[in-house]
There are 2 protein chains.
Amino acid sequence: MEQDYSQYPRHLVAVDCIIFGFDGEHLKILLVKRNFEPQLGEWSLMGGFVGNEENADEAAQRVLHTLTGLENIYLEQLNSYTEIHREPTARIISISYYALIHIEKDLQINENYSAQWFDLQNAPDLIFDHNEMVKDAVLRLRRRASTRPIGFELLPPKFTMKDLQNLYEAIFSETFDKRNFTSKINGMDILVKTDEKDMTSSKKGSFLYRFDEKKYNKKISQGFMFKM
Amino acid sequence: MEQDYSQYPRHLVAVDCIIFGFDGEHLKILLVKRNFEPQLGEWSLMGGFVGNEENADEAAQRVLHTLTGLENIYLEQLNSYTEIHREPTARIISISYYALIHIEKDLQINENYSAQWFDLQNAPDLIFDHNEMVKDAVLRLRRRASTRPIGFELLPPKFTMKDLQNLYEAIFSETFDKRNFTSKINGMDILVKTDEKDMTSSKKGSFLYRFDEKKYNKKISQGFMFKM
DNA sequence: ACAAAAGTGTTCAGTCTACACCCATGG
DNA sequence: CCATGGGTGTAGACTGAACACTTTTGT
């Protein structure tokens with residue numbers, strides 16, 4: 001007996017991307033304004049349907065590439081949202097992903113989507129269940145950020161201790177003591193201090209650091225665990 | 001402009017369930033022997049297709065009910081597995097769930113599925129990507145078990161400290177010191193000690209405890225966090 | 001009386017938290 | 001020379017880990 005698949009229903013399957021960025025001060029989220037019905041003109045997550053010739057990860061990368069022009073974006077699958085009426089016009093099963101990107105000057109957002117960065121704090125209401133997706137994504141981001149060095153995905157290659165602390169404060173929505181923060185980071189010994197300084201923030205200037213991924217991987221293989 | 005959904009492909013969407021149990025000694029997993037091609041006769045997770053009139057959670061509950069006769073099983077969605085060729089005969093997107101159930105004497109497993117409990121340690125190889133699903137589920141179970149009192153889902157309503165310790169040792173694959181374990185549990189103050197004893201394990205007998213869900217919820221609302 | 005499991009506290013080490021002053025520099 | 005942000009150490013509290021003996025009772 002072979003299984004007959006024709007008796008089972010088939011579903012539209014989409015991916016929706018929660019795109020996080022960091023401007024040095026606040027956690028940001030990239031939203032798009034819908035240019036089709038229903039809910040034309042309202043804000044939503046960037047999404048797209050999963051095609052026949054791609055898996056969901058690839059679909060998410062494609063969608064992100066379409067919007068930002070970037071390749072190999074840091075991406076993690078989150079949850080599936082499967083309520084029958086989660087979208088009013090059709091039953092669509094959606095798999096959510098969160099993405100972490102550097103907000104660089106030369107980042108060229110595709111203008112077709114009327115995309116815009118919002119502070120996570122005062123982002124607009126989103127369509128359908130996208131608010132819930134964002135909420136879930138923030139929780140996951142916090143969890144990941146506390147056990148994996150994913151913060152560096154949101155920073156430029158070189159950054160100051162202050163940048164890093166601002167980032168973690170933004171992610172966790174709490175403030176840290178400067179001395180405790182730096183000694184914790186330095187204690188992990190996964191950054192290299194360059195001999196360059198960022199002179200824009202103060203007269204004295206502050207040293208720039210890089211994340212040393214090689215060293216990190218080596219330490220991991222020796223049993224080290226990142227912990228914030 | 002309204003979106004035309006007919007141009008997008010539709011997919012078979014399944015749920016696959018990683019069903020955990022506990023026999024007082026070892027973590028167990030309930031597997032079914034496939035009674036259809038392909039891979040007839042091999043072991044797999046229990047699964048089923050998501051219908052048009054149900055969401056994925058409901059599909060998973062339905063599938064579990066079919067197999068075990070139980071209702072309201074503890075269930076959590078895990079991941080989506082979307083590789084194009086993850087099954088050889090059709091493209092099927094699968095959403096995995098893990099379930100926690102008490103293994104009771106009166107549990108009547110549906111005989112049509114040739115289901116069998118295996119020690120997690122020496123479970124057989126599974127079809128497709130089901131081994132990966134199980135691996136992911138164990139990691140999630142550990143993570144959840146360390147921050148939520150889900151262990152009690154796997155135990156009968158009354159249990160001894162030894163049972164509880166055995167369970168956590170099975171979940172985390174490590175052994176704990178008896179004194180540290182009991183004082184940690186007692187310190188959380190979420191169990192009630194009954195005046196009954198389990199006399200089967202020793203001459204002295206050991207007291208039975210119950211999980212006090214009301215007290216737990218109250219403590220949670222006051223900021224308490226479960227931590228193992 | 002003895003075997004077998006239940007029950008129970010203390011000490012030590014490491015980690016986390018709170019906290020304040022001097023430094024370097026551009027203007 | 002002074003205003004601004006950068007950089008640095010220590011003491012006390014707390015938490016997690018190691019560790020051994022007494023109790024109970026059925027046989």
Side-chain angles (χ1 to χ4, degrees), chain A residues 23-25 142 145-147 155-156 158-210 219 222-228, chain B residues 23-25 142-143 145-147 155-156 158-210 219 223-228:
Chain A
D23 66 359
E25 199 68 29
R142 280 188 192 151
S146 69
T147 55
L155 290 170
K158 294 174 185 171
F159 48 84
T160 66
M161 271 293 169
K162 188 111 221 294
D163 292 335
L164 191 60
Q165 182 172 347
N166 284 345
L167 171 60
Y168 278 99
E169 291 183 340
I171 291 175
F172 294 115
S173 295
E174 57 184 300
T175 59
F176 302 116
D177 176 82
K178 182 171 55 160
R179 277 169 294 188
N180 291 340
F181 183 83
T182 56
S183 67
K184 186 180 225 170
I185 296 290
N186 286 329
M188 286 196 277
D189 188 29
I190 54 176
L191 297 189
V192 286
K193 187 180 197 166
T194 70
D195 49 9
E196 297 167 66
K197 280 189 164 187
D198 168 32
M199 300 307 294
T200 64
S201 61
S202 72
K203 334 264 169 143
K204 188 179 178 180
S206 57
F207 280 105
L208 291 168
Y209 292 80
R210 282 190 306 100
K219 296 193 72 167
Q222 295 166 352
F224 168 75
M225 302 238 311
F226 180 91
K227 188 86 188 58
M228 276 303 297
Chain B
D23 66 0
E25 199 69 29
R142 279 188 193 152
R143 203 154 31 101
S146 68
T147 55
L155 290 171
K158 293 175 185 171
F159 48 84
T160 66
M161 272 292 170
K162 188 111 218 296
D163 293 333
L164 191 60
Q165 181 171 346
N166 283 346
L167 171 60
Y168 278 99
E169 290 183 340
I171 290 174
F172 295 115
S173 294
E174 57 184 301
T175 58
F176 302 115
D177 176 82
K178 182 171 50 160
R179 278 167 295 185
N180 291 340
F181 183 82
T182 55
S183 67
K184 185 179 224 170
I185 295 290
N186 286 329
M188 287 196 277
D189 188 30
I190 55 177
L191 297 189
V192 287
K193 187 178 196 167
T194 70
D195 50 8
E196 298 167 66
K197 280 189 163 189
D198 168 32
M199 300 307 294
T200 64
S201 62
S202 73
K203 333 265 167 135
K204 189 179 177 181
S206 57
F207 281 104
L208 292 168
Y209 293 80
R210 282 191 305 100
K219 296 194 69 165
F224 168 76
M225 301 238 312
F226 181 91
K227 188 83 190 61
M228 278 302 298

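Just so we're on the same page: letters track the sequence lines, and every chain starts at 1.
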Can you tell me the distance, in whole Å, between the [atom1] atom of [X] and the [atom2] atom of [N]?
X: B/Met199; N: C/dA4; atom1: CE; atom2: P; answer: 16 Å
X: A/Phe207; N: C/dA24; atom1: CZ; atom2: C1'; answer: 11 Å
X: B/Leu191; N: C/dG7; atom1: CG; atom2: P; answer: 13 Å
X: A/Asn180; N: D/dG9; atom1: CG; atom2: P; answer: 13 Å
X: B/Gln165; N: D/dA17; atom1: CD; atom2: P; answer: 13 Å
X: B/Asp195; N: C/dA6; atom1: CG; atom2: P; answer: 18 Å
X: A/Asp177; N: D/dT8; atom1: CG; atom2: C1'; answer: 11 Å
X: B/Glu174; N: D/dG16; atom1: CD; atom2: P; answer: 14 Å

Hey, does the side-chain of [X] have a donor or acceptor N/O within less than 3.5 Å of a partner on the base of [N]?
X: B/Lys204; N: C/dA6; answer: yes
X: B/Lys178; N: C/dG7; answer: yes
X: A/Arg179; N: C/dA20; answer: yes

Of the options C/dC19, D/dG5, C/dA6, whose atoms approach the side-chain atoms of B/Ser206 most closely? C/dA6
Show, in sequence, the C-alpha distance, side-chain angles and deciding distance for A/Asp163 and A/Thr160, and conclude whether the side chain to side chain donor-acceptor pair (under 3.5 Å) test is met. CA-CA 5 Å; A/Asp163 292 335; A/Thr160 66; 3.1 Å; yes
Residue whose nearest DNA chain C nucleotide is more 5′ - A/Gly205 or A/Lys184: A/Lys184
Between B/Tyr209 and B/Lys203, which is nearer to the 5' end of DNA chain C once each is assigned its nearest nucleotide? B/Lys203
Does NZ or CZ of B/Lys197 come closer than 6.0 Å to the centre of the six-membered ring of B/Phe207, within 45° of the ring's axis? yes
Minimum heavy-atom distance between A/Phe172 and A/Arg142, given as atom pair plus value: CE2-O, 3.4 Å
Heavy-atom nearest pair, B/Glu25 first then B/Ala170, reads O-CB, 4.2 Å
